[in-house]
Each structure stands twice: as C-alpha cells, then as structure tokens.
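Letters A, B, ... mirror the listed sequences (proteins, then strands); counts begin at 1. Note that the structure is a prediction, hence the values are computed from the model and not measured.
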2 protein chains.
Amino acid sequence: MARPRSFDPDDVLEIARQVFWRKGFQATSLDEITAASGIAKPSLYAAFGDKNALFLKVLDRYHDGILGWAERTLAQPGPGREAIRQWLTGFIPYCSGERGQHGCLSINSATDGSLDQAEVRKSIERYNRRLEELLRARLRADRAEFRKGFDPDITAHTIMVVHAGLLALAHQRPDSKQVKAVIDQVMGLLA
Amino acid sequence: MARPRSFDPDDVLEIARQVFWRKGFQATSLDEITAASGIAKPSLYAAFGDKNALFLKVLDRYHDGILGWAERTLAQPGPGREAIRQWLTGFIPYCSGERGQHGCLSINSATDGSLDQAEVRKSIERYNRRLEELLRARLRADRAEFRKGFDPDITAHTIMVVHAGLLALAHQRPDSKQVKAVIDQVMGLLA
DNA sequence: TTCGTTATGTACTTGTAAGTACAGAATTGA
DNA sequence: TCAATTCTGTACTTACAAGTACATAACGAA
C-alpha cells in the first residue's frame, strides 16, 4: 500500500505524557516532544492532530490507566474498607517524596486555567465521575460493614476530596509517613 | 522631585491577580494586564520587575490576604471545633458554583509545572506551613474538647488536605450543599 | 521494476509575547 | 521660569513556538 509508520503511537503518547506531566500543557512545546521522541512535527500532526488534540489523547490515556487500576483494586474480594484503604494506599508513591513532585496530571490539568477547552474539562469530569461511582458502588454494596446512619454517597465524595487534596499537596513532596497517617485518619470515617 | 506615579501599585496588583487567577501564569500575557489595568508595559516593568516578579508579588499578596483572614477566624473565642468549622465554611463560596470555577490561586500555582521557580515554591510552602501552624496551634490549645488519643498534628494536616482537595475540585463547580456535607463529615474527625 | 500512496525531514511562514529604546510629559525645587 | 528627575506611551527588537509546504523516502501491489 504505502509507507508504514516508523513509530508506535502508544510509545509517543507515553513520552508526551511524561513531558506534559513535568512541565504542564502551556509550557510544553512540540519541539520538546519531538526532541524527546525523535519524531518530527509533521508526523506528530499527521498522527495526532494539533497540540490540543495530542494533549487530549495523552490525558484520556492517563485517565484510562488509573481507572483500570481502580476498577481492579476496588473490585477485590473481602471487606470494602480494606479495598478502599488499598486503593488510597496505592497512591502514596505518587503523593510523596521525589516521585510526588509532579502530582497528578489530571488535577494539574483541572487547575490550569489555560486549559479551558471544553473537551479537556469533559474528560476530567468523566474521570472524576467514574472514580466516584466506583467508590460509591463499593460503599453501597458493603454498607453493612459500617455504622448506622452511614451515608455512602457523601463518604464517596469525601474520599474523592481527600484523594484530590493529597495529590494537590504532593508537589510539596511530603513524607510518605505523613500521607499514610492522613489516610489512616480518614479511614476512621469508615467506622 | 520628579513626576509621580499615575497609578496605585496595589490597584494594579489587584487587577493582575484577577487575570492571573483566571488564566494562569503562562497563559496570561502582559498585554492582557496592560489592557485590563490601563498601565503600559514600561510602567509595569519599572514598578514590579519582569513577569515572574510581578506574579510573585501577586501571589504573596494573595497569601497574605488569606492568612490574615485565617488568623482572625481561628483566633476567635469559643470552642476550637467551631472556629475551625467556621474557617472551612468560609471557603464554601470559593469551592462551589460559579465563583469556584477558578479554584485557589495558590493551589493552581502549586500544580502548575511551569512555575518551578524556587521563589514561587517557597512562597507556597511558607503559606501552607503557616496555615497548618495556625490550625495545629488551635487544635493543641483546645485539645481538651476532643476524645482521648486525639492527635492535633495529624488532624491539622488532614484538614489541610481536605481544604486543598475542596479547592482543587472547585473547578468542577460542585454544589455548595455537597461541599458543606463534606465539611460536616470531616468535622466528625474532631469528635 | 515501476507506480501509487503515505510517511518523513528540512526548512519555512506566521503569530504572539517578553522585554526595551527613546522621545516627550509631569512634577518639585530653585 | 528653568532645571533635574522620574514616569509614560509608542513603537520597536527579539525570541520562540505553532503549524505547514514541499521535496523525498519507504513501502505494497501489479
């Protein structure tokens, strides 16, 4: 037929993710992505569209990755409390120390005023909604574990808030013990 | 002596804050600030230095404003629990609805990878440290209100996390009732 | 091998934003 | 009124990044 692509789009999205994550959308130039990936601009444009479209693909991929992991973790057997604790605990490496310094790509994007594009907002909203649904479903299913008057809907949202807060403060590189202590304390709400 | 300044620097910082808050540091051009303020670039440069320096002044001013309010609120007489609830409740207008859509300038800046300048980071760190100190001091002072085994240090940090999370998720314009419900639930940790 | 097709790389255009040179305006002190 | 000084506005330079034109390379099919 014709000349085949010389690169795997997924590899490029992975590299682009790293650059966007480190520097943010605005401050990342396509030249940096071409430098990091070795792919020239016309190929990037042909494969992904313009910078906005490329970023959106990166962000969607990022969301899908986290959602997949959340689905697996929150579906595990045993007490719902432990599933949720394990889900939160899984974020500790991304909320503390060196690795936490860039926080979460989704939250970084949500707080970036320059990304007011409707599609980015929609992607983030869908992601947050889906995550909260997973939490809520598990809390509802296992509500017998919890005290009387326990409200799974509000609790799911509170956990989302804590999760967002940990990742927002991750840029300060807190100690992982401190993050763990917060999680432990918040787990007290699941009494 | 010489020709006096034709504008009040504080007014300009206030206008610059609005623009930076809405669009973020990178995406804000000085031309937009000159348009919004009516002050030409050379005057801005003479008064504030370059774009980074201007932003830093804006951010410091923002931090000072919130810290001043926090000091007043958290120093009020009565139960510490109520002081803290009032402090958190005061953020509701900035965490919900239309007004919440731009979140918090400090958190937006903390999550902006392009703002890796050491001074911005330091300003944010100082702000967070000071805020947490205020909470911790009040929780320690009133620890008699709380249950046995209550840990004011961890609790202060948890409240910081919740506060950050509410302001990070503010960009989704949640309903103020939902924000209030989260605050109520978290106040349960101060039992 | 040759043709049609699609990818690639170089080098360009274009737009925009940061920062500044300079001439002239506004003020106070003499 | 003049002089010294500092501010202001216009218009510029410079840098950089987004996006693209175009010639060429690499493939499969016939």
Polar contact flag, side-chain donor to acceptor under 3.5 angstrom, A:S29-A:D31: no
Crowding at CD, A:Q76 (>12 non-hydrogen neighbours, <6.0 Å): yes
Separation of atom CZ in A:F7 from atom C1' in D:dA26, rounded to whole Å: 15 Å
Presence of donor-acceptor pair under 3.5 Å, side chain of A:R3 and base of D:dC27: no
Any B:S6 side-chain nitrogen or oxygen under 4.0 Å from OP1 or OP2 of D:dT8: yes
Plane angle bin for A:F20 and A:F25 - parallel if under 30°, tilted between 30 and 60°, otherwise perpendicular: parallel
Partners meeting ring pair (Phe, Tyr, Trp, His ring centres under 6.0 Å) with B:Y94 (sequence neighbours left out): none
With sequence neighbours excluded, residues passing ring pair (Phe, Tyr, Trp, His ring centres under 6.0 Å) with A:H157: none
Option from A:V182, A:V186, A:V162 for which side chain to side chain contact (heavy atoms under 4.5 Å, CB included) with B:V162 holds: A:V162
Intra- and inter-strand pairs of DNA chain C in dot-bracket (Watson-Crick or G-U wobble, both distances under 3.5 Å; | for another strand): ||||||||||||||||||||||||||||||
Sub-4.5 Å side-chain heavy-atom contact between A:I66 and A:Y127: yes
Any side-chain donor near an acceptor of the partner, A:Q185 and B:T155, under 3.5 Å: yes
5'-most by nearest nucleotide on DNA chain C - A:A2 or A:I39: A:A2
Check the interface with nucleotides 13-15 of chain D: list each N/O to N/O pair with the protein under 3.5 Å, or write none.
none

A:F48 CZ - D:dA18 P separation (whole Å): 16 Å
Considering only nitrogen or oxygen atoms on both sides, find all protein atoms under 3.5 Å from nucleotides 16-22 of chain C and state each distance.
unit_1	atom_1	unit_2	atom_2	d
C:dA18	OP1	B:T28	O	3.3
C:dA18	OP1	B:K51	NZ	3.0
C:dA18	OP2	B:L30	N	2.8
C:dG19	OP2	B:Y45	OH	2.9
C:dG19	OP2	B:K51	N	3.3
C:dG19	O5'	B:Y45	OH	3.3
C:dG19	N7	B:K41	NZ	3.2
C:dG19	O6	B:K41	NZ	2.8

Residues forming a side chain to side chain donor-acceptor pair (under 3.5 Å) with B:H171, sequence neighbours excluded: B:N108
Donor-acceptor pair between B:Q86 and B:T73 side chains, under 3.5 angstrom: no
Side-chain N,O (A:S43) to OP1/OP2 (C:dA7) below 4.0 Å: no
Within 6.0 Å of CD in B:E119, more than 12 heavy atoms from elsewhere: no
Separation of atom CZ in B:R5 from atom C1' in C:dA25, rounded to whole Å: 17 Å
